[in-house]
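Beneath this line is the structure, given in structure tokens, with notes to follow.
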Amino acid sequence: MIDQLKEIQQAFTTAAAQAQTAEQIEALRVEFLGRKAGRLNEVLRTVKTLPPEERKTVGAAANAVRLEIEEKLETFLRAAQSSGASDVPAQDLTLPGLPPRMGHVHPLTQVFDELMSIFTSMGFMVYEGPELENDFYNFEALNFPQDHPARDIQDTFFIKTPITRAEKHSFPTDRGWVMRTHTSNMQVRVMEEFQPPLRCIIPGRAFRNEATDASHEFTLYQMEGFIVDTDITIGHLFWTLRELFQQLYKKPVKIRLRPGYFPFTEPSYEVDMSCLFCEQKGCRVCKQTGWLEMGGSGMIHPNVFKAAGYQAGKYTGFAFGMGPMRLAMLKYGIPDIRLFMENDTRFLEQF
Ligand code: DAH
């Protein structure tokens, strides 16, 4: 009888080597372990007729064979299932493993990381601040006159605070809270918290109530930066910005400060950088001008220092604001700003 068991074991091993699909494995289970016509059960049925001594040993051996077959069937079944469709071969456990699927760092995050490492290496601290901001830090402290067009409903998302019972017939125009329109809101917050000398960058989101197209997003990213000390000049501003672009784009560039206007700087400049693509010969990207517009900057207005509570006339400083989305578009040749916010993996996988 023990021989018979060995035979069954052998037969199972041979048959199992052929079985690949879940169906074939189930057929094996029926053939060998099935209650009615299973080959093992046929043996077990005759065990009862044996003398007690033999019954013990044969019974134990039969049980061991049953356990072994059950275990193997289980393993085969799992392999067949994990290899997907039931008609594909059971998994070959000797194959090398599949490389794990890796995520990608968002191109914007990569640019922010790089900007932060460039600026921290120059002694700047990185500071973040609220996206929901009050009128004071977003406008008033930055020397925006009450009737400045940037406060206008077209650019700014104003937050409606709930109207109280007493106010319900008075239609109050609550202009107290806004979604910050720029990361410049942090200038005075940081100045209030720290005394000069100060070097700080502020990465973050800002919001503009405007239509989106290939170069406009209503949620935009900005990076503000500023320095406050006793003898800061436009020369420092110029050097810092050029150094920033050269490190970011890893090649020598020229920069140009064009007169501009921002309420919180005087003088104010638009920052241009020599076109990365045409050596200033003129191309589609720079609209044949040889220059790319990179952001705004200027020397911090005395009224901003005043709002921060700094002693009048004691300090000078420069400030600048950049759009990291634009920096990333130029760095990676991304044609449409909306791609940054869509999180389409076909786009993200390329970085
Ligand atoms: N806050 C400006 C904007 O959102 C950008 C800017 C311009 C920031 C000049 C500055 C600056 O700090 O000096 O368009």
Side-chain angles (χ1 to χ4, degrees), residues 115 119 122 124-131 133-145 148-152 154-157 178-191 196 198-210 215-229 232-242 244-245 255-273 292-308 310 315-327 337:
L115 290 172
F119 276 104
M122 293 198 265
F124 282 71
M125 66 173 182
V126 181
Y127 220 67
E128 287 183 300
E131 293 172 358
E133 183 56 288
N134 59 47
D135 183 273
F136 178 75
Y137 290 111
N138 197 81
F139 293 127
E140 193 71 34
L142 294 173
N143 197 36
F144 278 82
H148 192 279
R151 293 191 183 206
D152 194 277
Q154 290 203 341
D155 293 312
T156 309
F157 287 113
V178 301
M179 294 309 289
R180 68 174 172 194
T181 58
H182 48 191
T183 45
S184 310
N185 73 317
M186 288 303 292
Q187 284 192 16
V188 170
R189 283 183 178 275
V190 172
M191 288 180 205
L198 251 179
R199 292 177 198 175
C200 184
I201 55 166
I202 301 110
R205 287 202 299 180
F207 306 86
R208 297 279 169 89
N209 189 3
E210 59 185 11
S215 49
H216 294 89
E217 254 292 354
F218 56 80
T219 296
L220 46 139
Y221 283 79
Q222 289 197 329
M223 203 193 65
E224 186 79 9
F226 65 93
I227 283 190
V228 184
D229 208 331
I232 300 298
T233 68
I234 295 168
H236 295 117
L237 169 65
F238 193 94
W239 182 90
T240 306
L241 292 175
R242 191 181 53 197
L244 154 68
F245 296 134
I255 67 161
R256 174 172 88 170
L257 298 181
R258 226 171 350 104
Y261 172 73
F262 301 101
F264 40 93
T265 43
E266 180 58 39
S268 302
Y269 301 105
E270 304 286 345
V271 183
D272 292 341
M273 174 182 74
L292 298 167
E293 289 181 21
M294 304 302 287
S297 72
M299 302 305 289
I300 297 174
H301 197 291
N303 285 351
V304 176
F305 290 140
K306 195 169 156 198
Y310 285 175
Y315 300 113
T316 51
F318 68 72
F320 57 87
M322 299 285 151
M325 284 171 151
R326 177 156 166 77
L327 301 185
I337 199 168

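Start at 1 and go down the list; that is how both ligands and their atoms are numbered.
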Tell me whether [X] contacts the main-chain N or O of [Y] through its side chain, where contact means a donor paired with an acceptor under 3.5 Å.
X: N134; Y: Y137; value: yes
X: H148; Y: P145; value: no
X: Q222; Y: T183; value: yes
X: Y310; Y: M191; value: yes
X: R208; Y: L220; value: no

Numbering the atoms of ligand 1 from 1, which are under 4.0 Å from a heavy atom of [X]?
X: Q187; value: 12 (O)
X: T265; value: 13 (O)
X: A319; value: 12 (O), 13 (O)
X: G298; value: 13 (O)
X: Q222; value: 3 (C), 4 (O)

* Asked: Where does S184 meet ligand 1, judged by heavy-atom distances below 4.0 Å: at the side chain, the backbone, both, or neither?
  ->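 The answer is the side chain of S184.
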* To do: May I ask you to check whether H182 and F264 place their ring centers less than 6.0 Å from one another?
  =>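 Yes.
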Protein heavy atom at shortest distance from [atom]:
atom: atom 11 (C) of ligand 1; result: F264 CE1, 3.4 Å
atom: atom 5 (C) of ligand 1; result: G321 CA, 4.1 Å
atom: atom 12 (O) of ligand 1; result: E224 OE2, 2.6 Å

* Asked: Counting both backbone and side chain atoms, is some N or O of T181 under 3.5 Å from an N or O of ligand 1?
  ->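 No, since none of the N or O atoms of T181 sits under 3.5 Å from an N or O of ligand 1.
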* **Nearest option to atom 9 (C) of ligand 1, as decided by whichever heavy atom of G323, G296, G317 sits closest** =>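 The residue whose heavy atom sits nearest atom 9 (C) of ligand 1 is G296.
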* Short side-chain donor-acceptor distance under 3.5 Å, N138 and E133 ->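 Side-chain D/A pair, E133 to N138: absent.
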* Asked: Got a second to check how far F139's CZ is from S184's OG, nearest 0.5 Å?
  -> 10.5 Å
* Quick one: does R208 get a heavy atom under 4.0 Å from ligand 1? -> yes
